Each structure stands twice: as structure tokens, then as C-alpha cells.
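Just below is one structure, and these are the notes that go with it.
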Amino acid sequence: LFAFITIGTNNIFKGGEFYDKILKPLSIVRVETKDRYIGYCKIDNLNLVKEGQSELIEFYLMRPFNLKTATNGNGTMIVFNAKNQEQVDEFYNIAINNGGSSEGCPGPRHGEHYYAYIRDLDNNKICVFCAD
């Protein structure tokens with residue numbers, strides 16, 4: 001459905017450190033770093049990613065192209081898949097312990113799935129969930 005997702009940041013260094021930590025439990029790692037952006041992909045695809053070959057990058061953290069302040073969208077949310085509730089909990093705890101803020105503690109929602117919601121360092125709303 002999507003080729004990739006991007007979200008804005010006003011501090012690529014701090015934002016990259018934050019996402020390196022919170023995405024690790026989901027097996028999503030940094031594979032490309034440039035002055036303006038950082039690209040991430042699933043560890044499963046690492047052996048397929050080569051320098052300068054960004055086809056497998058699915059998530060970008062970037063400074064806005066127009067050089068204006070990055071802002072979050074009202075109603076905009078990025079959702080990552082987790083394998084189990086432990087990964088959801090770990091993601092949430094790492095985010096909160098590294099400057100993120102809570103938008104909803106880990107727990108069951110909608111009668112069947114397990115979710116957690118955070119705001120990143122630039123106030124983007126990020127969710128992680130598992131279907132078990």
C-alpha cells in the first residue's frame with residue numbers, strides 16, 4: 001500500500017538517537033544517514049540493503065525540504081507492528097525513558113489488540129500494536 005513513510009524532525013541527531021532506541025525492539029534499524037534524513041528498515045531486509053540503495057527503506061526521519069520548522073499533523077499517526085505484547089511494552093518504556101511522552105499506556109484496545117501510544121521529540125504521534 002505504501003512505498004515508505006516520512007515524518008519531520010527539527011533535530012536530526014536527537015531524533016535519530018530516539019528512533020534508534022524505540023525501534024530496536026521491533027527489529028527496525030537505521031540503514032542510511034544523510035545530512036537531511038535517516039532511513040530505517042526491518043532487520044529481515046538488512047542483507048538486501050546496500051549503501052545508496054534505498055528501495056527497502058520504509059521509514060524516514062527527515063528535516064523538511066523547505067527548511068521550515070517540522071510540525072506534527074493533527075490526526076496524523078504512524079503505527080508500527082509488534083510481534084507480541086512484550087515488544088509493545090518495551091517500545092513504550094524506551095520511548096518514555098528517552099524523552100517521549102505518553103499518549104496511551106500499553107494495554108488492550110478494541111477488544112482484541114494490544115496498543116501503546118507515544119509522542120516523539122517533535123510531538124509526532126506514534127503507535128505500536130500487536131494482534132495477539
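What you see is a predicted model; the values in this text were computed from it and never measured.
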Checklist entry - Residues in side-chain contact (heavy atoms from CB on, under 4.5 Å) with Q85, at least two apart? => result Y114, C130, D132
Next on the checklist: Quick check: do I78 and I7 have side-chain heavy atoms less than 4.5 Å from each other?
Outcome noted: yes
Item to check | Distance flag, aromatic centroids of Y60 and F4, threshold under 6.0 Å | outcome: yes
Item to check | All ring pair (Phe, Tyr, Trp, His ring centres under 6.0 Å) counterparts of F91, not counting sequence neighbours | outcome: none
Item to check | same_hphob_cluster(F129, L23) at 4.5 Å side-chain heavy-atom cutoff | outcome: no
Item to check | Listed partners of E103 passing side-chain contact (heavy atoms from CB on, under 4.5 Å), at least two apart | outcome: Y117, R119, K125
Side-chain donor/acceptor pairs under 3.5 Å, residues 65-73, sequence neighbours excluded:
unit_1: N66; atom_1: OD1; unit_2: K68; atom_2: N; d: 2.9
unit_1: N72; atom_1: ND2; unit_2: N123; atom_2: O; d: 3.1

Item to check | Ring centres under 6.0 angstrom apart (F80, F59) | outcome: yes
Next on the checklist: Would you say that I118 contacts S102 through its side chain, given a criterion of any heavy-atom pair below 4.5 Å between the two side chains?
Outcome noted: no
Next on the checklist: Applying a strict under-4.5 Å side-chain criterion to I, L, V, M, F, W and Y, I'd like to know whether V128 and I5 cluster together.
Outcome noted: yes
Checklist entry - For V29, does its backbone N or O pair with a side-chain atom of K42 as donor and acceptor, under 3.5 Å? => result no
Checklist entry - Which atoms form the tightest heavy-atom contact between R30 and E17, and what is the distance? => result NH2-N, 3.9 Å
Item to check | T9 side chain to Y19 side chain, donor-acceptor N/O pair below 3.5 angstrom | outcome: no
Checklist entry - Do E32 and Y37 have a side chain donor and acceptor closer than 3.5 Å? => result yes
Next on the checklist: Taking ring pair (Phe, Tyr, Trp, His ring centres under 6.0 Å) as the definition, give me every residue that meets it alongside F18, ordered by chain and number, with sequence neighbours left out.
Outcome noted: none
Item to check | By side-chain contact (heavy atoms from CB on, under 4.5 Å) - contacts of K83 (at least two apart) | outcome: Q87
